[in-house]
> 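Just dropping this structure here.
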Amino acid sequence: MNETNKKRIGIMCVRALTINLSLIVCLSLGACDQRQSAEVGDNQITSDPVSVDLVMTGGKVLTVDENFSIHSTLVVDEGLIVATGDNSLAEHYRGEVVIDLQGKLLMPGFNDSHTHIRGRPLRFIELGKVTSIAEMQTLIRDKVDQLGEGEWITGYGWSEDELDEGRRPLRADLDAAAPSNPVILTRAGGHSAVVNSLALDLAEITLQTPQPDGGVIERGEDGELNGIIRERQALVSRLVPDSTYEELIASLEINLNALLEMGITSITDASKTPAEYEMFEDLYAASELPLPRSALQFQWHDPEAIKALNTRVGAGNDFLKPGPIKVFADGGFTGPAAFTLVPYLGQGEYRGYLNMAEGELTALLNEIHDAGFQMGIHAIGDAAIVLVVNTLADALERNPRQDHRHYLNHFSMRPPDLTMELMASHGIHISQQPNFTYTLEGRYAAYLDGWRLQHNNPLRSPMERGITVAISSDILPIGPMVGLYAAVTRKGMTGTVYGPDEAISMEEAIRAYTLLGAYLVFDEDKKGSLEAGKLADMILLSDDLLGIDPEEILDVKVEKTWIGGELVYSRGK
């Protein structure tokens, strides 16, 4: 048992004994009954108040414990939750800081179990909030003025569904803004990009270039290249000069810190390398800004480097740890390129792609499983989901592993019921993004119809079959309120409801966005709920998510964020 866990259990036991709860025996810091220490009634007997770091009272404390208990007071000491209970609990503790919650909702911080946070170079343009191609062109021209002609310009985050022109930016649009700078701008979601003529020339991509395996170099109605590359934009991005360590780590610090404003206290970053893990280590050792807790997924490109890193850092620490291995089974939906059982609407016989040959994919999944690693597998299309689940089930029957916690990222298209039953029986979980229902509505409506459209991004059906479903963002968008809204309303951006039978309750959505995200990285005993002995990672909201009209969810703000009992964000300050 490491020192952090000893302290966590020791504090829990000492506090429980101090307030004279039911008989609890703690021997050699071995164990104690967390539930008894967490549920404090009105009939406590204690002598002098116990000194602690923080007492929060007079609110609605949502514990997200097994019973979804709601209390009014919470006590924190040395970064850990000591107890929760009614307002009388505050009489038994003397807090160095006492906070009146003023009736507001206090809940665990969000645990985003599938996201991507990066440091960005000077050449990068943030496009997540642009509303027109004209605005994109202005940003490109400004970047040309900043960098000078000839320099590469990159960007991320545009979506045709949010542009006034109602279409994708194309090669000609970029040429008009930057005729003398190579430009590549990646669509939100990361599965396609638009490039300009100079970038195509430098990459030597012409009409004679063969289509890449697993991707598409698009042609417009005139038969010419339109600048869109789906899934294989690395044909161009490989030419972008490397960024400096200094600019990346400085930007990474800012981007991680920005998550606290949204109440995100923990993340699983879904695609990193061992070298990037070392950058995170440097940042966490020297950051001047508070940062959320991070688990980093690695792709299986360099198994020896991954094994060496795991040998060096072990399970990591409470702020930074290695996460599951990331595997891409198929493409994304924005192309579209996800691998489907039935052809896409209006796309002939086109069914998308696997990211690699089927035999190669099954061999890779078996190799990683046999090496003893947990996997978080990108699987969006229903055909990809069926293939991955069948492969995992075979691997688990051939080489059983207790509590492996393999899971699928996305699980966007609902597969056959037999596939979900296989997942439940083999303990294969999901990290789902209900926010896709909202932000990718236009893509789904364009490429799917009927039952497939209505049951995209399913929540209720896998949960009913006993599959653990965590909620995450995949940065589309990253704000958790969109995910909660879509999970309980099943509404897209237009207000259209898709598959109301897949909706879940707010209680289920909150648990999936907090405790179950921690569960996917084996941290459910440390965080994800406000129970005694756990890390005091908490957020205070402007409105009560359990009581408001669902249409008001998108307007809910995070008032304050705490990590380990330390205030790390306060709205307006």
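This is a predicted model, so every value here is computed, not measured. Only heavy atoms go into these numbers, but all of them, side chains included; no hydrogens, no water, no symmetry mates.
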> Compute whether any side-chain donor of one residue and acceptor of the other, for Thr340 and Asp382, lie under 3.5 angstrom apart.
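Note: Thr340 and Asp382 side chains miss the donor-acceptor criterion.
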> Taking only Lys NZ, Arg NE, NH1 and NH2, and the carboxylate oxygens of Asp or Glu, determine whether Arg293 and Asp318 approach each other closer than 4.0 Å.
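So Arg293 does not pair with Asp318 through a salt bridge.
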> So, Thr439 and Asn435: side-chain donor and acceptor under 3.5 Å apart, yes or no?
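Side chains of Thr439 and Asn435: no pair found under 3.5 Å.
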> Side chain to side chain donor-acceptor pair (under 3.5 Å), that's the test. Do Asp269 and His116 meet it? Break it down for me.
CA-CA 5 Å; Asp269 193 295; His116 304 272; 4.5 Å; no
> Glu551 and Lys491: salt bridge (charged side-chain N to carboxylate O under 4.0 Å, His left out), yes or no, with the steps?
CA-CA 10 Å; Glu551 292 304 319; Lys491 288 188 177 182; 2.6 Å; yes
> Can I get a per-line list of side-chain donor-acceptor pairs under 3.5 Å for residues 352-362, giving both atom names and the distance, sequence neighbours left out?
{"unit_1": "Asn355", "atom_1": "OD1", "unit_2": "Arg232", "atom_2": "NH2", "d": "3.3"}
{"unit_1": "Thr362", "atom_1": "OG1", "unit_2": "Glu358", "atom_2": "O", "d": "3.2"}
{"unit_1": "Thr362", "atom_1": "OG1", "unit_2": "Gly359", "atom_2": "O", "d": "3.0"}

> Assess whether side chain to side chain donor-acceptor pair (under 3.5 Å) is satisfied between Ser542 and Lys104, documenting all intermediate values.
CA-CA 7 Å; Ser542 62; Lys104 293 184 177 180; over 6 Å; no
> For Gly109 versus Thr514, what's the shortest heavy-atom pair and its separation?
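Reported closest heavy-atom pair: O-CG2, 3.5 Å.
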> Please determine if Asp544 and Lys60 form a salt bridge, counting it only when a charged side-chain N lies under 4.0 Å from a carboxylate O.
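Salt bridge present between Asp544 and Lys60.
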> Does a salt bridge link Asp523 with Lys321, judged by any charged N lying under 4.0 Å from a carboxylate O?
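Yes, Asp523 and Lys321 are salt-bridged.
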> Parallel, tilted or perpendicular: which fits the ring planes of Phe333 and Tyr444, with parallel below 30° and perpendicular above 60°?
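Phe333 and Tyr444: perpendicular rings.
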> Please round to the nearest 0.5 Å and tell me the distance separating atom OG of Ser271 and atom NZ of Lys326.
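One finds 5.0 Å between OG of Ser271 and NZ of Lys326.
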> Starting from the C-alpha separation in whole Å, work towards a yes-or-no answer on side chain to side chain contact (heavy atoms under 4.5 Å, CB included) for Val61 and Leu106.
CA-CA 5 Å; Val61 179; Leu106 183 76; 4.2 Å; yes
> Decide whether His455 and Asp501 meet the rule of one side-chain donor and one side-chain acceptor closer than 3.5 Å.
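Asp501 and His455 do have a side-chain donor-acceptor pair below 3.5 Å.
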> Looking only at the side chains, is there a donor atom on one of Gln433 and Ser472 sitting less than 3.5 Å from an acceptor on the other?
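Ser472 and Gln433 do have a side-chain donor-acceptor pair below 3.5 Å.
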> Show the nearest heavy-atom pair for residues Gly331 and Ile380, with the distance to one decimal.
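Between these two residues, the closest heavy atoms are O-CD1, 3.8 Å.
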> Would you say the ring centers of His406 and His426 fall short of 6.0 Å from each other?
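Centroid distance His406-His426: not below 6.0 Å, so no.
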> Flag the pair Arg511 and Glu508 as a salt bridge only when some basic side-chain nitrogen lies within less than 4.0 angstrom of an acidic carboxylate oxygen.
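Between Glu508 and Arg511 there is no salt bridge, as every charged N stays at least 4.0 Å from the carboxylate O atoms.
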> CG of Asp213: more than 12 outside heavy atoms within 6.0 angstrom?
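Counting other residues, nucleotides and ligands, CG of Asp213 stays at 12 neighbours or fewer.
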> List for me each residue that meets ring pair (Phe, Tyr, Trp, His ring centres under 6.0 Å) alongside His429, sequence neighbours excluded, and say none if there are none.
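Scan of His429 (ring pair (Phe, Tyr, Trp, His ring centres under 6.0 Å), adjacent residues dropped) gives Tyr519.
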> Against Tyr438, only a single residue in Leu554, Thr494, Leu476 fulfils side-chain contact (heavy atoms from CB on, under 4.5 Å); can you say which?
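Between Tyr438 and the candidates, side-chain contact (heavy atoms from CB on, under 4.5 Å) is satisfied uniquely by Leu554.
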> Restricting to pairs with a member in residues 400-415, which pass salt bridge (charged side-chain N to carboxylate O under 4.0 Å, His left out), not counting sequence neighbours?
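Listed once each, the pairs are Asp403-Arg405, Arg405-Glu524, Arg414-Asp417, Arg414-Glu502.
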> Roughly how far, to the nearest 0.5 Å, is the CZ atom of Phe373 from the CD1 atom of Ile325?
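The CD1 atom of Ile325 sits 5.5 Å away from the CZ atom of Phe373.
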> Could you give me the CA-CA distance, side-chain angles and deciding distance for Met107 and Thr63, then say whether side chain to side chain contact (heavy atoms under 4.5 Å, CB included) is met?
CA-CA 6 Å; Met107 61 173 279; Thr63 62; over 6 Å; no
> Under 6.0 Å between the ring centres of Trp562 and Tyr569?
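No, ring centres 6.0 Å or more apart.
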> Assign the ring pair His378 / His191 to parallel, tilted or perpendicular, where the plane angle (0 to 90°) is split at 30° and 60°.
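Rings of His378 and His191: tilted, 30 to 60°.
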> Would you mind telling me which of Leu408, Ile430, Thr468 makes a side-chain contact (heavy atoms from CB on, under 4.5 Å) with Pro462?
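Output: one option passes, namely Ile430.
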> Is there a side chain to side chain contact (heavy atoms under 4.5 Å, CB included) between Leu396 and His369 once you walk through the steps?
CA-CA 8 Å; Leu396 287 163; His369 172 76; 3.4 Å; yes
> Output, in order, the C-alpha distance, side-chain angles, deciding distance and verdict of side chain to side chain donor-acceptor pair (under 3.5 Å) for Glu531 and Thr84.
CA-CA 7 Å; Glu531 298 179 85; Thr84 58; over 6 Å; no
> Does a sphere of radius 6.0 Å around CD in Glu349 hold more than 12 heavy atoms from other residues, nucleotides or ligands, not counting ones at 6.0 Å or beyond?
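No, not enclosed.
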> Quick check: does any side chain N or O of Arg452 sit under 3.5 Å from a backbone N or O of Val342, one acting as donor and the other as acceptor?
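Yes, because the side chain of Arg452 sits within donor-acceptor range (under 3.5 Å) of the backbone of Val342.
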> Is Glu218 salt-bridged to Arg168, going by a charged N under 4.0 Å from an acidic O?
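Yes, this pair counts.
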> Working note: Tyr498 + Glu441, criterion side chain to side chain donor-acceptor pair (under 3.5 Å); need CA distance, chi angles, decisive distance, verdict.
CA-CA 9 Å; Tyr498 296 91; Glu441 176 188 18; 2.6 Å; yes
> Is Lys129 salt-bridged to Glu162, going by a charged N under 4.0 Å from an acidic O?
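Not counted as a salt bridge, because no side-chain N and carboxylate O are separated by less than 4.0 Å.
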> Have Arg490 and Asn457 got a donor and an acceptor in their side chains that come within less than 3.5 Å?
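Checked: Arg490/Asn457 side chains show no N/O donor-acceptor pair below 3.5 Å.
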> Would you mind checking if Arg187 and Glu160 are paired as a salt bridge, meaning a charged N to carboxylate O distance below 4.0 Å?
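Looking at Glu160 and Arg187, the cut-off is met.
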> Tell me, with the steps shown, if Ile539 and Ile563 meet side chain to side chain contact (heavy atoms under 4.5 Å, CB included).
CA-CA 9 Å; Ile539 57 175; Ile563 292 183; over 6 Å; no
